[in-house]
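Below is one structure, written out as structure tokens; comments come after it.
Since the model is a prediction, treat every value here as computed from it, not as a measurement.
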Amino acid sequence: MKILSWNVRGLGNARTFLPFQKILKQQRPLILFVCETKLTTKQMYETSRKLKIDNYLAVNRNGKGGGLAMLWYNEANVHVTSYSNHHVDAWVQREDGSWMRCTGKYGHLEMAQKQHTWTLLKSLAGLSDIPGLCFGDFNEILHPNKKLGGNDRSVNMISEFREALCECNLIDLDCKGYLFTWSNGRFGEHFVEERLDWFLCNKEWREKYVDCVAVNLET
């Protein structure tokens, strides 16, 4: 089973939609989680039709920003259990009939709001003990070396993220491919890159799916 998670930063414009469509054809994921769609639920319905994906759960944009969606093809048996402006939580049935949990997460960007990201993560983690995978844009790094350029990241912010994962019994799945997942698009001394997107799993998931890996795709 292949899962794609992407902060699309606006799925309604051709500059984003066309590369997204191309990646879907190349990678053929069964389940997709997208954040910052910047779309209304009605616009997400129209977008899902263009992508030829029949099943989805969309969270409306907040003003001109935000917006989440989890989409899946008919081959997947997905049951969404909860959602908010910052997450979509679902149970997914594997080919062997067993169930796993998939949680798409979009972390708060504002420093003063980040604690809400960790509080939500902790509350969701305690809801079940089946194999679980948590993925998305957490808007935070796990280690100082996951940032290149710019001012140093707050040690307290990094520590709070790590402590939340420890309390939730979540581990970094690690990844192949390019190290960073976000850049500010500038040049020279003003250029900044960070790894803000993560695939995390609980012990039950790691023990059952030992051969699974996460890959950062370059677009």
* Asked: Are W6 and F180 connected in the hydrophobic side-chain network, where two residues link if heavy atoms are under 4.5 Å apart?
  -> no
* Test log, rule side-chain contact (heavy atoms from CB on, under 4.5 Å), inputs Q26 and K22 -> CA-CA 6 Å; Q26 291 174 340; K22 182 179 179 180; 3.3 Å; yes
* To do: Establish, from distance only, whether the side-chain atoms of N156 and S154 form a donor-acceptor pair under 3.5 Å.
  => no
* Give the minimum heavy-atom separation between C35 and D137, together with the two atoms involved. => SG-CB, 3.9 Å
* **Minimum heavy-atom distance P131-K208, with the two atoms named** => CG-CD, 4.2 Å
* To do: Compare every heavy atom of A14 with every heavy atom of P19, then report the nearest pair and how far apart it is.
  => CD-O, 3.8 Å
* Asked: Is there a side-chain contact between N60 and L68 (heavy atoms, below 4.5 Å)?
  -> no
* Residue pair L217 / L4, side-chain heavy-atom distance below 4.5 Å -> yes
* Write down the atom of L71, the atom of S48, and the distance for their closest heavy-atom approach. => CD2-CB, 4.0 Å
* More than 12 foreign heavy atoms under 6.0 Å from NZ of K2: is that the case here? -> yes
* Cation-aromatic face contact R15/F17, 6.0 Å, 45 degrees -> no
* Structure fact -> Excluding L200, membership of its hydrophobic cluster (Ile, Leu, Val, Met, Phe, Trp, Tyr; side-chain heavy atoms within less than 4.5 Å) reads W118, L121, F138, L142, F161, L165, L170, W198
* Is it possible for you to say whether L109 and V59 belong to one hydrophobic cluster, with membership spreading through side-chain heavy-atom contacts below 4.5 Å? => no
* For the pair E36 and R61, evaluate salt bridge (charged side-chain N to carboxylate O under 4.0 Å, His left out) and give the outcome as yes or no after the intermediate values. => CA-CA 8 Å; E36 282 194 47; R61 70 186 183 192; over 6 Å; no
* **Connected hydrophobic set around W99, excluding itself, where side chains approach under 4.5 Å** => W91, I130
* Can you get from L173 to V210 by hopping between Ile, Leu, Val, Met, Phe, Trp and Tyr side chains that sit under 4.5 Å apart? -> no
* **Exercise: do N13 and T16 side chains pair donor with acceptor under 3.5 Å** => yes
* Asked: Just by distance, with hydrogens left out, do S5 and K105 show a side-chain donor and acceptor under 3.5 Å apart?
  -> no
* Once you round to the nearest 0.5 Å, how far does CG of N62 lie from CG of N85? -> 5.5 Å
* **Euclidean distance, L30 CG relative to R94 CZ, rounded to 0.5 Å** => 9.5 Å
* To do: Report yes if some heavy atom in the side chain of N216 is under 4.5 Å from a heavy atom in the side chain of K176; otherwise report no.
  => no
* Chi angles and distances behind the side-chain contact (heavy atoms from CB on, under 4.5 Å) call for K146, E194 -> CA-CA 6 Å; K146 302 303 181 184; E194 298 177 325; over 6 Å; no
* Asked: What closest approach, in Å, do S183 and F191 show between heavy atoms, and which atom pair accounts for it?
  -> CB-CE1, 3.8 Å
* Can you list every pair that meets ring-ring contact (aromatic ring centres under 6.0 Å, His included) and has a residue in residues 54-87, with sequence neighbours left out? -> H86-Y106, H86-H108
* To do: Drop me the distance from T117's OG1 to Q113's CD, to the nearest 0.5 angstrom.
  => 8.5 Å
* To do: Using the rule that two of Ile, Leu, Val, Met, Phe, Trp, Tyr join whenever any of their side-chain heavy atoms come within less than 4.5 Å, decide whether I3 and I171 are in one cluster.
  => no
* Structure fact -> Tracing side-chain contacts under 4.5 Å among Ile, Leu, Val, Met, Phe, Trp and Tyr outward from W182 reaches I141, I158, V192, L196
* Q43 versus L39, closest heavy-atom pair with distance -> OE1-CA, 3.4 Å
* Asked: side chain to side chain donor-acceptor pair (under 3.5 Å) with Y178: which residues, sequence neighbours excluded?
  -> E193
* For the atom pair CZ (R206) and CG (D172), what is the distance rounded to the nearest 0.5 Å? -> 10.5 Å
* Asked: How about F20 and V34: do any of their side-chain heavy atoms sit closer than 4.5 Å?
  -> yes
* **Side chains of M70 and L32 in contact at under 4.5 Å (non-hydrogen atoms)** => no
* Minimum side-chain heavy-atom gap V92-C102 below 4.5 Å -> yes
* Give, for atom CZ of R28 and atom CD of E75, the distance between the pair rounded to the nearest 0.5 Å. => 8.0 Å
* For residues K147 and R195, determine if any side-chain heavy atom of one lies less than 4.5 Å from a side-chain heavy atom of the other. => no
* Asked: Passes side-chain contact (heavy atoms from CB on, under 4.5 Å), L11 versus M44? Steps please.
  -> CA-CA 9 Å; L11 195 53; M44 194 65 228; 4.1 Å; yes
* **Test side-chain contact (heavy atoms from CB on, under 4.5 Å) applied to R49 and L51, step by step** => CA-CA 5 Å; R49 300 284 77 81; L51 294 172; over 6 Å; no
* Asked: Checking K114 side chain against E140 main chain: does a donor-acceptor pair fall under 3.5 Å?
  -> no
* **Student check: side-chain heavy atoms of L133 and F135 closer than 4.5 Å** => yes
* Report the distance from atom CE of M1 to atom CE of M100, rounding to the nearest 0.5 Å. => 6.0 Å
* If you group Ile, Leu, Val, Met, Phe, Trp and Tyr whenever their side-chain heavy atoms sit less than 4.5 Å apart, what else falls in with L120? -> L124, L127
* **Distance-only donor-acceptor check, side chains N74 and N55, under 3.5 Å** => yes
